[in-house]
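Contents: one structure, followed by commentary.
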Amino acid sequence: MSALVLFDTRTRRKQRFEPIEPGHARVYSCGPTVYAPQHIGNLRPYLFADLLKRALLAEGLRVTHVINITDVGHLTSDADAGEDKMERAAAQAGKTAAEIAAFYTEQWLRDRRRLGCLEAEVYCKATDHIAEQIEMAQRLEERGYTYRIEDGLYFDTSKFPRYAEFARLDLAGQEAGARIGDVAGKRHPQDFALWKFAPPGVERQQEWDSPWGRGFPGWHLECSAMSVKYLGAHFDIHTGGVDHIAVHHTNEIAQSECALGVHPWVEVWMHNEFLDLGGEKLSKSKGHTLVLDDLVARGFEPLVYRYFFLQAHYRQQQAFSFDEMASAAKGYRRLLGVAVAARGVGGEPDAGERDAIEKVRGEFWDAVRDDLNAPRAMEALWRVARGDFSDAAKRELLLDFERWLGLGLATETPPGDAQESDPRIDALVAERRAARAARDFARADAIRDALKAEGIEIEDTKEGTKWRRAR
RNA sequence: GGCCCGGUGGGUGAAUGGCUCAGCCAGCGGACUGCAAAUCCGUUCAUGCGGGUUCGAUUCCCGCCCGGGCCUCCA
């Protein structure tokens, strides 16, 4: 049996995972910013984090998983200036920032659940942890890592020699041509705000008092403050999308290591690559991003998206298209068919089957332990589903694999199996049945063709004729 | 401009310094079916281009081209 190995962004290597505290893994995942819906690409980090959590659990570890919810303060520009997205979304919707945040938080939590993600032990909101953020900024100030300008309190990145290390930044190259002028007084382009002063004359819904004046926290601070609060000054794993490496996580590390005097602050950094939405990024209605409900509206159950996700490795970009969703739906449906059949039988596999069972079980979990290699695990899964195993063996293995897959193999029935009811269609189906009984196949086929033309598919089974709407 | 991923069959997507380069979907053939559908079985098709290292490269190195992403610049 192999050991759990995870790819660490800091060292750019796969490393054997050993929790700092034996038997207990502490994980922090960068969560959503809740001023807009999370599109299906935004969901990938949570699917990935879920695979990580399930892998840790499968190792027999206790897992404390913390996910933050950013309900304040991101600016429209990635510079330190610009309009605040949360405030803007609120203004546009005629609601308060808190209402907007609550709405999108709920939507995100619901999507997570529908995708089969295990709940986090802690969901923490930035606005509930202003005091912790101020405290960390104060620590940094006391230790001489900050400077104050008209705009706010800034972190002086030149005081942190390791600043460029994590993301392997070329600061000299970046600085050479950079204009520092976005925010007057910034000493280095990569310096970032710890606390921003409320702009004079602007009515903000989200501002707080601080030792430096009324304002709001810089947007990297929340993750440092909250992760440390819930997981301690030195914890195991921090996850997020690759887009966070260069700026957000680099800044988190700078703040945290300087404020806490630790290194490394986090043992393993893990980042998921992006979903390539290609031309599907925007659906017809302009500006509307593709969300999970859009897939559902097209007839794809949320777990089909999970199945789709499992077909690629989390560190590879994955190409999204509706054709691929349809293909995933097909595979998922077949897989569930096998699972449903297998879990209906009792008994134990024959002793003679034991070797084959343990071999494929090992292949599955070895793939999981090798940096969460889902495609390889799926390969083993299909060897079980399609292979010569007895139903008892299939049941045992599928239920075992389900602990990591989260595909509903123990509970779900194939999508589209539930028989709909529609008086007109039911009548046509009945008429066709009568025609077939009378061996009037011309009439029977005509009815089938007519239904097919309006997107209704007919399936004759031992239990009778079923129909369903085609995707 | 800097940095980071990647270019494998019709689609997607694993793996690998040599042994028949996974799996899923599609296609094709077969079973089943009145015919289909669904399901099952079988099966065709692939390593972007040019150099280098090597006995041997899809795999390692360099260059090029192409796609995606992050940051910056410009506007």
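Numbered from 1 within each chain, the chains take letters A, B, ... in sequence-line order.
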Under-3.5 Å donor-acceptor pair between A:Gln317 side chain and B:G68 base: yes

Aromatic ring pairing A:Phe192/A:His220, orientation class (parallel under 30°, perpendicular over 60°, tilted between): perpendicular

Nearest-nucleotide pick for A:Arg386, side chain only, options being B:C24, B:G68, B:G6: B:C24

First encountered from the 5' end of RNA chain B, between A:Phe441 and A:Val338: A:Phe441

Pairwise P distance for B:U8 and B:G67, with rounding to whole Å: 14 Å

Donor-acceptor contact below 3.5 Å, side chain A:Glu353 vs main chain A:Phe389: no

Distance between P atoms of B:C62 and B:C4 (Å, rounded): 12 Å

Non-hydrogen atoms of A:Arg187 and A:Asp156 that approach each other most closely: NH1-OD2, 3.5 Å

Any A:Arg448 side-chain N or O less than 4.0 Å from OP1/OP2 of B:A37: no

Between B:A22 (P) and A:Phe364 (CZ): distance, integer Å: 21 Å

Out of B:G13, B:G23, B:G34, whichever nucleotide has its closest atom nearest the side chain of A:Trp382: B:G23

Pairwise C1' distance for B:U47 and B:A14, with rounding to whole Å: 13 Å

Per A:Asp460 side chain, nearest of listed nucleotides B:G69, B:G13, B:C35: B:C35

Whole-Å P distance, B:G1 and B:C21: 41 Å

Any A:Lys466 side-chain nitrogen or oxygen under 4.0 Å from OP1 or OP2 of B:A37: no

Spacing of A:Phe401 atom CZ relative to B:G23 atom C1', expressed in whole Å: 14 Å

A:Glu324 side-chain proximity, nearest of B:C5, B:G11, B:C35: B:G11

Side-chain (A:Glu273) to main-chain (A:Gly241) donor-acceptor, under 3.5 angstrom: no

Closest to the A:Ser327 side chain, choosing from B:C71, B:A14, B:G11: B:G11

Distance, P atom - from B:C35 to B:A22, rounded to whole angstrom: 36 Å

Whole-Å distance separating the CZ atom of A:Arg44 from the P atom of B:C5: 15 Å

Closest-nucleotide 5' rank along RNA chain B - winner of A:Glu459 and A:Asp445: A:Asp445

Nearest-angstrom distance, C1' atom, B:G18 to B:C64: 28 Å

Among B:G23, B:A26, B:G13, the one nearest A:Ala312 by side-chain distance: B:G13

Side-chain donor/acceptor contact of A:Arg383 with base of B:G23 under 3.5 Å: no

Expected output: side-chain A:Arg12 to main-chain A:Thr9 donor-acceptor under 3.5 Å: yes

Between C1' of B:C4 and CZ of A:Phe166, the distance in whole Å: 12 Å

Sugar-phosphate, base or nothing in reach of A:His313, heavy atoms under 4.0 Å: sugar-phosphate

C1'-based separation of B:G69 from B:C25 [nearest Å]: 27 Å

B:A15 OP1/OP2 closer than 4.0 Å to side-chain N/O of A:Asn373: yes

A:Phe155 and A:Phe160 aromatic ring geometry - parallel, tilted or perpendicular at 30°/60° bounds: perpendicular

Nearest-nucleotide pick for A:Gln318, side chain only, options being B:C35, B:G13, B:A38: B:G13

Side-chain N,O (A:Arg334) to OP1/OP2 (B:C25) below 4.0 Å: yes

Residue A:Tyr307, side-chain atoms from C-beta onward, closest of B:G68, B:C24, B:G34: B:C24

Touch class at under 4.0 angstrom, heavy-atom based, for A:Asp243 against every strand present: sugar-phosphate

Main-chain N/O of A:Gln38 paired to A:Trp108 side chain as donor or acceptor, under 3.5 Å: no

Who pairs with B:A14 - Watson-Crick or G-U, where each distance is under 3.5 Å: none

